[in-house]
Amino acid sequence: MTTLAPATAVVAARGRRRSFRTSHSWSSLLYLLPALAFFVVFVIYPIIVSVQTSFYDYDGLTPATPVGMQNYLAIFTKPALQDALKHSMVLLFFYAALPVCIGLVLAGAMSRIRIYGLTLVRALLFIPQVLSSVVVAVSWRDLLAADGLINEALRLVGLGAMTTSWLGDFNTALPAIGLVGTWVEYGLCMVLFLAGIVTIDRSLYEAARLDGAGPVREFFAITLPALRPQISIALILTITFALRNFDIIWNTTRGGPGTSTSVPSVYIYQDAFQNRMLGQASALAVVLTILILLIVGIVQWLVREPDPSGLGGGTPPTRKRGHR
Amino acid sequence: MRVSRAESAVTHALLVIASIIAVYPLVSIVMSSLDGGAAGGDGFGLNNFAVAWERGGFGNALLSSAAISITVVLVTVAVVCLAGYALATMQVPGGRVILLVLLLGLVLPYEVTVLPLYQMMSQWNLLDTSWALILPQIGLSVPLGVFWMRSFFASVPVELLEAARIDGASRFEVMRLVLLPIAGPAVGTLSTILFLFTWNEFLLALILVPQNELVQTAPLALSFFAGAGRASDPGVTAAAAVLVALPIVLAYVLLQRRLITGLTEGAVK
C-alpha cells in the first residue's frame, strides 16, 4: 500500500515534525474553531464580564453605577472578607501541604521495599477523588458529629474530654473541614508519587546503600529530587482545590458557625445570589483567580527542574528508559 | 534490596491504615444506609433506599446527571480531537498564545465564570434546563481535553502521518482514518475523567438549575435532600448518598486501572 520512496523517508525522518507542518496554515484554525468557540463564549467572555462587573455597584436589576476600585478596597478592608482569605490560607495547609507531606513520607517508605497488593492499595487510596464532594460532605458530617465515629474513638482511648461537635464548634470547625480536605487529597498525592517512584532506577538505591546512606539520606538524595514533576502537579491540583473549595464547606457548615469557616467562594455565592451585590462578588472572584494563578506560579517556580544547588545536591537521578 | 523484614512490615501496616482511612467514610455511609432503624423497622435492609428514592426524586436526578454528562463528554471529545490534532500536527497561527490561554484555563476557579454564566443563561431563557449545564461544562472541559489529545497526537510517529499524506489522504482523512482508530485508549481515559468531573460538579448545578427538579443533577439533589431536613433519619440520608455515589463507584471499579494510570501519566506530561 505504501509507495513511499526511501529518500522521502530519510528526509521525513530527519525533518521530524517540521516537514509535516507546512508554513502557517490558516485553514488549521478551522479545526480549532469549535473548541475555541465553546471556550471563548463560556469561559473567556464570562471572565471579561466578571472583571468589568467588579468595577461597578450592581444588584442585577437596576442599572449599574461605576465605583472604581471600591469593591477591591472592600476586600482588603472589610474584616469579614479578610477573615475569609485567612481561612483560605489555613485550608491551604490542610488541603495542599499536609497531603503532599503525608504522600511523600509514605512514598519514601514504599520506595525502599517491594509492595504487595500495590494495585489494590492504589485503587482504594484513589476512592476519595472519584466521590462527589456532596457525598464526601454527607459522610463526614456523620463521622464528625457529636455522636460520630471520631468522638467514639476518642472516648475509647480515654480522650473523652476532647470530644465535641467538630463542625459546630467555633474553634474546631475550620481544622475539621481542613482534615476532610486532607482526606480527599492524600490518596491522590500518594498515587501520583507511587507512579513516579516506579520510574526511578533501582540501582540508584543500591548504590546509595553501598555508600552507607540511611533511609533519610536516601529519601532526600534520590526519591525527593526524582519526584519533582509529580510534586509539582500534586501541588497544582491540591492548591487549586483548596482555594476553589466551595462544595465541601457549603454542604457541611455553610461557612458557619458564625463566620468561622467562611471562604471567598462562599461569599461569592452569598453576595451574588442572596445579598445581590454582584460587583462585590465579581471583585472577590477576580481576586480569588489572581490569587490561585499567583500561588500556583510561585510554587511552580520553587519546584522548578534545573537548579544545581537544589535538593539533590548532585546530578539528578536518571530514569529507566522507556518507562513513561 | 537489603531491607529488614520489620521495616517492610511497618510500611505495609502504614499502607493498610492509609487505605482503610481512605475507604472508611464510604463504608460507613453504606453501613448506615443498610441499617433499618426508624425508617423501616426490621434492622437490616433496603427500606432506607426506598424512602430516599421516593422522597428525593433521585431517579430523575440520576437520569439527568447521566444525560448531561454523556452529552458533555461526546461533544467535548469531538471538538478537542479536532483542536488537539491541529495543535499537534499543523503550524497554527497564534498556536502558542492559544495553548497559553488554555493552560490558564486549567487552573481557573469556576467562581469567576458563574455569575456572568447565570446572566447569560437567564437572557437566553436556558436557566433551569439541561443546556444551562451542558454548554458551560463543554467550555470548561476544553482546556483539559485539548492538552490531552494534543499530547496523544504528538506522540504518534510523524512518519505514519506523512506516509498517509503521500498516499493522497487529506489532512482530515489522516485524522479520521489513521489517528482516530488508534486513539481509543487515550479517548477512553479522557472520556472517563471528563465524565467524572461533569457528574460530580456541584457549584454550576446549584447556580444554574436550582429550581427545576427534573434537571437537578444527582449531587445537587443530594445536597437539597440532606440539607432540607426532609430526611430526619440519618439512615435515609446515607441511603441517598449511596444512591448518588453508586453509579460512579461501579464505573470506577471497572475502569480504575486505566483511569489511574491515565491520570498519573497524563498529569505529568
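In what follows, every chain begins at residue 1, and chains take the letters A, B, ... in the order their sequences are listed. Remember, it's a predicted structure, so these values are computed and weren't measured experimentally.
When heavy atoms are compared at a cutoff of 4.5 Å, A:Phe193 does not approach chain B at all. Both the backbone and the side chain of B:Phe202 come within contact range of chain A, judged by heavy atoms closer than 4.5 Å. Using a 4.5 Å cut-off between heavy atoms, B:Leu135 touches chain A through backbone and side chain atoms alike. For a residue to count as touching a neighbouring chain, one of its non-hydrogen atoms must lie under 4.5 Å from one of that chain's; by this rule B:Leu220 does not touch chain A. Within the 4.5 angstrom heavy-atom criterion, atoms from both the backbone and the side chain of A:Ser265 approach chain B. Neither the backbone nor the side chain of B:Ile20 comes within less than 4.5 Å of any heavy atom in chain A. For A:Ala195, the part sitting under 4.5 Å from any heavy atom of chain B is the side chain, from C-beta outward, and nothing else. At a 4.5 Å heavy-atom cutoff, the contact between A:Ile236 and chain B is made by side-chain atoms alone. With a threshold of 4.5 angstrom between heavy atoms, A:Ile127 approaches chain B through its backbone and through its side chain. Contacts of B:Leu222 with chain A are made by both backbone and side-chain atoms, with heavy-atom separations under 4.5 Å. Contacts between A:Asp247 and chain B at a heavy-atom distance below 4.5 Å involve backbone atoms as well as side-chain atoms. At a 4.5 Å heavy-atom cutoff, the contact between A:Leu293 and chain B is made by side-chain atoms alone. Using a 4.5 Å cut-off between heavy atoms, A:Leu29 contacts chain B through its side chain alone, with no backbone atom that close.
Chain A forms the most heavy-atom pairs under 4.5 Å with one residue out of B:Val16, B:Val75, B:Leu102, and that residue is B:Leu102. For the set A:Ala123, A:Gly187, A:Ala109, A:Ala272, the entry with the most heavy-atom pairs within less than 4.5 Å of chain B is A:Ala123. Ranked by heavy-atom pairs under 4.5 Å with chain A, the list B:Ala240, B:Pro143, B:Pro219, B:Ala164 is led by B:Pro219. Between chain B and the residues A:Ser139, A:Ala137, A:Pro128, the largest count of heavy-atom pairs under 4.5 Å involves A:Ser139. Your options are A:Val296, A:Thr119, A:Leu30, and the one with the most heavy-atom pairs under 4.5 Å with chain B is A:Thr119. For the options B:Val23, B:Ile138, B:Thr261, heavy-atom pairs under 4.5 Å to chain A are most numerous at B:Ile138. Ranking B:Ala78, B:Gly95, B:Pro109, B:Ala83 against chain A, the residue ahead of the rest is B:Pro109, based on heavy-atom pairs under 4.5 Å. In terms of heavy-atom pairs under 4.5 Å with chain B, the best-connected choice from A:Leu120, A:Leu188, A:Ile115 is A:Ile115.
A:Val130 and B:Ile248 get closest at one heavy-atom pair: O-CG2, 3.3 Å. For the pair B:Ala226 and A:Val138, the tightest heavy-atom approach, listed with the atom from each and the gap, is CB-CG2, 3.9 Å. Residues B:Ala22 and A:Leu125 approach most closely at CB-CA, 4.0 Å, considering heavy atoms. Closest approach of A:Val135 and B:Ala241 over heavy atoms only: CG2-O, 3.8 Å. Here the shortest heavy-atom pairing between A:Tyr186 and B:Ala18 reads OH-O, 2.5 Å.
We find the CZ-OG1 distance between A:Arg141 and B:Thr237 to be 7.0 Å, quoted to the nearest 0.5 Å. Between atom CD1 of residue A:Ile268 and atom CD1 of residue B:Ile207 there is a gap of 9.0 Å, rounded to the nearest 0.5 Å. Taking CG of B:Leu108 as the start and CZ of A:Arg244 as the end, the distance is 7.5 Å to the nearest 0.5 Å. The OH atom of B:Tyr85 sits 11.0 Å away from atom OG of A:Ser28, with the distance rounded to the nearest 0.5 Å. Rounded to the nearest 0.5 angstrom, A:Ser132 OG and B:Asn200 CG are separated by 5.0 Å. Going from atom CG of A:Leu149 over to atom OG of B:Ser28 covers 7.5 Å, rounded to the nearest 0.5 Å.
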Go through A:Val134 and B:Val244 one step at a time and tell me if the side chain to side chain contact (heavy atoms under 4.5 Å, CB included) criterion holds. CA-CA 9 Å; A:Val134 186; B:Val244 172; over 6 Å; no

Take B:Gln256 and A:Phe126 through the side chain to side chain contact (heavy atoms under 4.5 Å, CB included) test and state the conclusion after the steps. CA-CA 9 Å; B:Gln256 55 89 9; A:Phe126 203 71; over 6 Å; no

Would you please test B:Glu111 and A:Leu284 for side chain to side chain contact (heavy atoms under 4.5 Å, CB included) and show each step? CA-CA 9 Å; B:Glu111 281 82 354; A:Leu284 199 50; over 6 Å; no

Evaluate side chain to side chain contact (heavy atoms under 4.5 Å, CB included) for B:Gln119 paired with A:Leu278, printing each intermediate quantity in order. CA-CA 11 Å; B:Gln119 289 161 337; A:Leu278 268 63; 3.0 Å; yes

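Side-chain contact check for A:Trp250 versus B:Leu206: some heavy-atom pair is nearer than 4.5 Å. Looking only at side-chain heavy atoms (C-beta outward), A:Tyr31 and B:Leu87 stay at 4.5 Å or farther from each other.
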Quiz: residues 32-53 of chain A side-chain donor-acceptor pairs under 3.5 angstrom, not counting sequence neighbours:
unit_1: A:Ser50; atom_1: OG; unit_2: A:Pro46; atom_2: O; d: 3.4
unit_1: A:Ser50; atom_1: OG; unit_2: B:Val112; atom_2: O; d: 2.6
unit_1: A:Thr53; atom_1: OG1; unit_2: A:Val49; atom_2: O; d: 2.7

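Neither side chain, B:Ser8 nor A:Arg114, offers a donor N or O lying under 3.5 Å from an acceptor on the other.
Applying the side chain to side chain contact (heavy atoms under 4.5 Å, CB included) test between B:Val107 and each of A:Ile295, A:Thr289, A:Thr240, A:Leu243 identifies A:Thr240 as the sole match.
Relative ring orientation between A:Phe273 and B:Tyr118 is described as perpendicular, the plane-to-plane angle rising above 60° on a 0-90° scale split at 30° and 60°.
Looking only at distances, no side-chain donor or acceptor of A:Trp140 sits under 3.5 Å from a matching main-chain atom of B:Pro25.
Under the 4.0 Å criterion applied to side-chain N and carboxylate O atoms, B:Glu7 and A:Arg112 are assigned as salt-bridge partners.
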